Each structure stands twice: as structure tokens, then as C-alpha cells.
Protein chains: 2
Amino acid sequence: MHLGTPEQQFPEIRELDLFAEMEDAHFKLLMRGAYLQTFPPQIELISEGDPSDFLHIVVSGSVDLFSTWNRRETSMATVWPVSTFILAATIKNAPYLMSARTLEKSRIVLVPSQDVRAVFDIDARFARAIVTELAQCYRSVIKNTKDLKLRTSLERVANYLLRQQARASGEREFELLTEKRRLASVLGMTPENLSRAFKSLQSYGVCVTGNRVTVGDQADLERFAKPSPLIDDYTT
Amino acid sequence: MHLGTPEQQFPEIRELDLFAEMEDAHFKLLMRGAYLQTFPPQIELISEGDPSDFLHIVVSGSVDLFSTWNRRETSMATVWPVSTFILAATIKNAPYLMSARTLEKSRIVLVPSQDVRAVFDIDARFARAIVTELAQCYRSVIKNTKDLKLRTSLERVANYLLRQQARASGEREFELLTEKRRLASVLGMTPENLSRAFKSLQSYGVCVTGNRVTVGDQADLERFAKPSPLIDDYTT
DNA sequence: TTCGGTGCTTGATATTTGTCAATCGGTGGA
DNA sequence: TCCACCGATTGACAAATATCAAGCACCGAA
């Protein structure tokens with residue numbers, strides 16, 4: 001399904017931190033073997049354990065990264081456009097540790113892993129970008145681990161709301177972008193307990209109706225949540 | 001305290017995956033600004049939030065990486081010789097996300113972060129090695145997250161024992177290398193519950209006395225623990 | 001050897017979290 | 001419009017995990 005190269009259709013790929021600084025010839029080389037595909041919702045793109053044949057780039061839609069063990073499942077993260085996923089597996093040429101499924105109709109660019117590794121070896125700027133990206137991912141997972149191990153589920157929910165509020169430019173009112181039961185899984189709890197958590201947070205001025213969240217008294221919520229840049233600031 | 005360069009005293013540093021392939025001149029450049037220091041036990045080497053001035057290499061002894069929040073503390077990992085830690089912070093030139101303390105008398109090589117970044121830019125093999133190392137670290141943390149979110153504490157303990165057994169070449173009997181209360185923290189549980197977990201695992205043929213562990217029936221323990229390479233194999 | 005300290009273990013209890021079942025409420029299709 | 005479905009919510013209960021307090025065992029120093 002090559003209808004023009006992916007890069008012609010999606011110049012924002014070129015703007016991604018990962019590709020922005022690399023040489024034109026090398027970018028073309030990467031895109032030559034790449035292809036763009038559109039997937040319906042709820043399609044499993046990759047399964048954990050599979051060999052990592054492609055680096056994936058979400059161009060539109062959104063993707064859920066999840067893992068299973070012993071008939072249990074947990075959501076690990078959500079990938080929004082425009083960004084990549086399973087970079088580490090690609091680099092190491094190792095099996096995927098997570099599965100991925102589309103949450104909605106999504107367009108994904110697939111870049112052959114061996115091309116990524118080949119270009120990595122000849123383009124220092126690209127190598128530099130990959131390292132920065134990987135370091136960023138690593139630090140995000142560490143923050144997530146701290147969140148899980150140091151906080152109760154109620155504290156995790158409170159801090160999640162504060163992060164989402166910051167993302168919405170600090171507005172008192174904003175939307176949850178995630179289905180609640182998946183949010184619960186991301187936060188390491190059950191949907192039932194997420195419901196109860198929202199209710200508990202009413203005493204700190206939080207009101208959740210449907211996807212609409214209102215933070216009545218941010219200072220009060222922060223007094224309870226005690227957000228820390230070393231856990232909650234995903235930009236550094 | 002420059003008593004000969006660190007690399008003269010510890011040739012195994014040069015053998016580290018991270019440094020093995022790089023050019024001699026560049027390695028010398030890194031070591032020129034580095035220094036070796038000996039620390040007594042229980043010394044806090046770095047504190048989370050501090051700027052990342054040095055890449056650390058544990059040459060002997062061992063180091064505990066831990067984090068705190070709201071008067072709670074959790075052990076994130078243990079670093080054994082010979083390996084590095086806080087590579088990601090060094091690369092990103094961002095504050096440490098974890099604190100580090102010596103567990104015993106330890107010798108540590110400190111390499112100025114800016115030297116690491118400078119050499120990274122001029123030595124493609126070094127860059128390659130850093131990426132591989134970071135990808136490895138990332139994948140380890142993901143596995144740890146899966147362990148925490150998908151398993152109960154009893155299952156985590158069971159799988160930990162199987163991993164340690166594998167590390168001890170599969171011997172029926174082996175030693176715990178970690179103080180139990182720190183192990184509990186690493187596994188995300190209290191020391192009391194670790195004790196009770198060991199007792200529960202007696203019904204699967206596990207016997208723990210002091211630091212001595214005996215796995216009476218490995219197949220039986222595995223039937224309960226259900227180890228998975230996508231969580232428990234830290235080599236891939 | 002004895003003493004004090006420290007870490008481990010144990011039991012009782014409290015808290016947190018998960019499970020199950022029923023109900024509510026919105027949405028989309030017949 | 002109505003109905004069926006699915007996710008969210010609620011309550012009752014169960015399981016997992018943490019906390020607290022006491023006792024035990026080992027180890028090093030006096």
C-alpha cells in the first residue's frame with residue numbers, strides 16, 4: 001500500500017525530535033522501506049514476545065501499550081500522535097515486552113527495525129536523538145515505578161488529576177482523555193476503586209462527572225497529593 | 001586523590017560493554033577527568049533532585065538505588081560491580097531521579113558527565129554502546145513494572161527466588177545476597193510480609209533459613225510462580 | 001562471657017484493595 | 001421510540017497487605 005512515501009504525507013514525522021536533526025539522505029533511506037497503514041479500533045498491532053521487526057510511529061489516533069501474565073492484563077501507557085513506540089526493542093533487536101492495540105482508528109508508520117539500526121550506525125545526530133529519546137523513556141518508567149511503589153491508589157489518582165490539569169494549561173475544568181477503566185489499569189487499580197477514589201477526592205474539591213473534571217481548590221488538592229517534579233513532571 | 005588514573009588501577013572498566021569498543025584516545029580522555037574514590041558503608045553518594053555531575057561506576061562493593069516521597073522510602077535496585085549507574089540522567093543532563101548509597105565499603109569511579117556527553121558526540125562506537133545500555137536499562141524497568149502490576153507479592157517472591165536460583169547456576173541451594181528488609185522493599189512489600197511469604201512458600205518446597213535458600217522441588221515452585229522470560233529474564 | 005543493638009519473625013489488628021453482584025445511565029441501532 | 005448493550009457506579013463482602021507490638025536470634029563490643 002505505497003501511496004506516496006509516508007514522509008510526503010506526514011511531514012510532521014520529519015519534525016519529530018527523533019528525526020529532526022538527521023541528514024536528509026538518511027531520513028529518505030529510512031522512509032524508503034517504511035509504509036503507512038490505517039488500522040480500525042481495537043486492532044492488536046503487536047504482541048509481546050514477537051520479534052521487533054518495525055519501529056512504529058503513531059501519526060493519528062492513539063495506541064494502548066499493555067501486558068499480560070497469567071490471564072491478567074495491565075495497561076502500561078498510551079501513545080499519542082506524533083510519537084514512536086517500542087524503540088528499545090528495535091534497538092536491541094529483542095522481543096517486544098508489551099503488546100499494542102489501537103484505541104481508535106489510527107494511522108501508523110512502520111519503519112523496518114534493521115533500517116533504524118543501520119542508519120543509527122552512520123548518522124551521529126540520529127544516534128544522539130535516539131539516546132535522548134531512550135533516556136527520556138527510561139526516566140518516565142522510573143517515575144512511574146516511584147508512583148506505584150511510594151503512593152496509595154488514592155494518591156496516584158490525585159496526582160494524575162493534577163498532571164492532567166497542568167496539561168490543560170492549568171484550567172479548573174478539563175476532560176479525561178482516557179476511558180475510565182483503562183485509566184484505572186494504567187494507575188494500577190480496579191475500575192471500581194477508581195470510582196471510589198473520585199468520590200473520596202470530593203472532600204478536596206474535586207468533581208468528576210463523565211469525562212468532565214473540575215478541580216475546585218487546586219491548593220487543597222495539592223496539599224493532599226503532594227506532587228513532586230521527580231515523579232510527576234514528565235518533561236524532564 | 002589521583003593515585004594513578006582509575007583505568008590503570010581497574011582495567012575491568014575498559015572491559016565494560018559501555019567502554020569496550022570505543023577508541024583508546026577517547027577512553028583516555030574520559031579517564032583523564034575521572035577519579036576513583038573509596039567510600040565507607042551507608043554513605044549517600046547522590047541525592048535525588050541533584051544535578052547529574054558524574055557518571056558513576058561501581059568497581060567494588062555495592063550500591064543501593066532508592067527513592068523517597070512523603071517520608072516513605074523504597075529501594076529501586078542494587079548495583080553490583082562492575083557496572084555504571086545514573087547513565088540516563090548523565091545523558092539528559094537532568095536531575096537524578098534516585099538517590100544512591102553504599103551498602104558496604106565500595107570503590108566508585110566518577111566520570112564527569114560533560115566528558116561523557118562530549119565523547120559520545122565524537123565516538124560512534126561509544127554512542128552505540130550507550131544506546132544498547134540504555135535500552136537494556138529501559139527494558140529492565142519495564143519488566144519490573146510488569147512484575148509489580150501483574151503479580152501478587154507472594155508471586156513476586158516466588159519468581160525472585162527462581163531468578164536467584166538461575167543466577168546460582170540452578171543449584172538447589174543458594175544464598176540471598178540482599179538483606180531481607182531491603183529485598184522486601186525492592187519487591188514492593190514490607191519485611192513482615194516477606195517473612196510470611198517465605199513461610200507460605202514452604203508448601204512448594206522452599207526453605208529459607210537465614211540467607212540460605214533451598215528450592216526442594218523446582219518444578220513445583222515454577223508451577224506456582226509461572227516465570228516468564230518477558231518479565232524474569234533480565235539478560236534480554 | 002555478657003550485654004545491647006539490630007534485624008528477623010510472629011501474632012493480632014487495621015487498612016487498603018479487589019471481587020462479586022446488582023443497578024444506573026447513556027448511546028446507538030432496529 | 002424503544003431496547004439492548006456496555007461502561008460506570010454502588011454496596012456488601014473477601015482477600016491482600018500494612019501496621020503495631022512483642023519476642024527471638026544473632027553478632028559485635030565491652
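Residue numbering restarts at 1 for every chain, and letters A, B, ... go by the order of the sequence lines. This one's a predicted model, so the numbers in the text were calculated from it and none came from an experiment. Basis for what follows: all heavy atoms, side chains included, without hydrogens, waters or symmetry-related copies.
Rounded to a whole Å, the NZ atom of B:Lys180 is 19 Å from the P atom of C:dT6. Going from atom CD of A:Glu179 over to atom P of C:dG26 covers 17 Å, rounded to whole Å. The distance between atom CZ of A:Phe198 and atom C1' of D:dG7, rounded to the nearest whole Å, is 14 Å. The separation between B:Arg181 atom CZ and D:dT19 atom C1' is 17 Å, rounded to whole Å. Atom CG in B:Leu201 sits about 13 Å away from atom P in C:dT9, given to the nearest Å. C:dT9 atom C1' lies 11 Å from atom CG of B:Leu194, rounded to whole Å. Atom CZ of A:Arg182 is separated from atom P of D:dA8 by 11 Å (rounded to the nearest Å).
Look at B:Arg101 and B:Glu73 and you find a salt bridge, because one of the NZ, NE, NH1 or NH2 atoms lies within 4.0 Å of a carboxylate O, short of that distance.
Counting heavy atoms from C-beta outward, A:Leu176 and A:Tyr160 have side chains that approach closer than 4.5 Å. Considering only heavy atoms from C-beta on, A:Arg172 stays 4.5 Å or farther from A:Gln218 through its side chain. Residues B:Arg182 and B:Leu103 form a side-chain contact, since some pair of their non-hydrogen atoms from C-beta on lies under 4.5 Å apart. Here the side chains of B:Tyr204 and B:Leu161 are not in contact, with every heavy-atom distance at 4.5 Å or above. Contact of the A:Ser67 side chain with the B:Leu150 side chain is registered, since non-hydrogen atoms from C-beta on lie closer than 4.5 Å.
Considering only the side chain of A:Ser195, D:dT9 comes nearest among C:dG7, C:dT9, D:dT9.
Considering CE of A:Met76 and CG of A:Leu65, their distance stands at 8.5 Å, rounded to 0.5 Å. To the nearest 0.5 Å, atoms CH2 (A:Trp69) and OG1 (A:Thr74) are separated by 13.0 Å. Atom CG of B:Leu55 is separated from atom OG1 of B:Thr90 by 4.5 Å, given to the nearest 0.5 angstrom.
Considering A:Lys226, A:Arg151, A:Lys146, A:Arg167 as possible partners of A:Asp232, the one that fulfils the salt bridge (Lys or Arg N to Asp or Glu O under 4.0 Å) test is A:Arg151.
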Are any protein N/O atoms closer than 3.5 Å to N/O atoms in nucleotides 13-17 of chain C? If there are, list each pair with its distance.
unit_1: C:dT17; atom_1: OP1; unit_2: A:Ser153; atom_2: N; d: 3.1
unit_1: C:dT17; atom_1: OP2; unit_2: A:Ser153; atom_2: OG; d: 2.9

So which protein nitrogen or oxygen atoms get under 3.5 Å of nucleotides 20-29 of chain D's nitrogens or oxygens?
unit_1: D:dC20; atom_1: N4; unit_2: B:Glu192; atom_2: OE2; d: 3.2

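In this model, the phosphate group of C:dT10 is approached by a side-chain N or O of B:Lys199 to a distance below 4.0 Å at OP1 or OP2.
Around the CG atom of A:Asp17, the shell of radius 6.0 Å holds no more than 12 heavy atoms that belong to other residues, nucleotides or ligands.
Shown for residues 202-212 of chain B: no residue has heavy atoms falling under 4.0 angstrom of DNA chain C.
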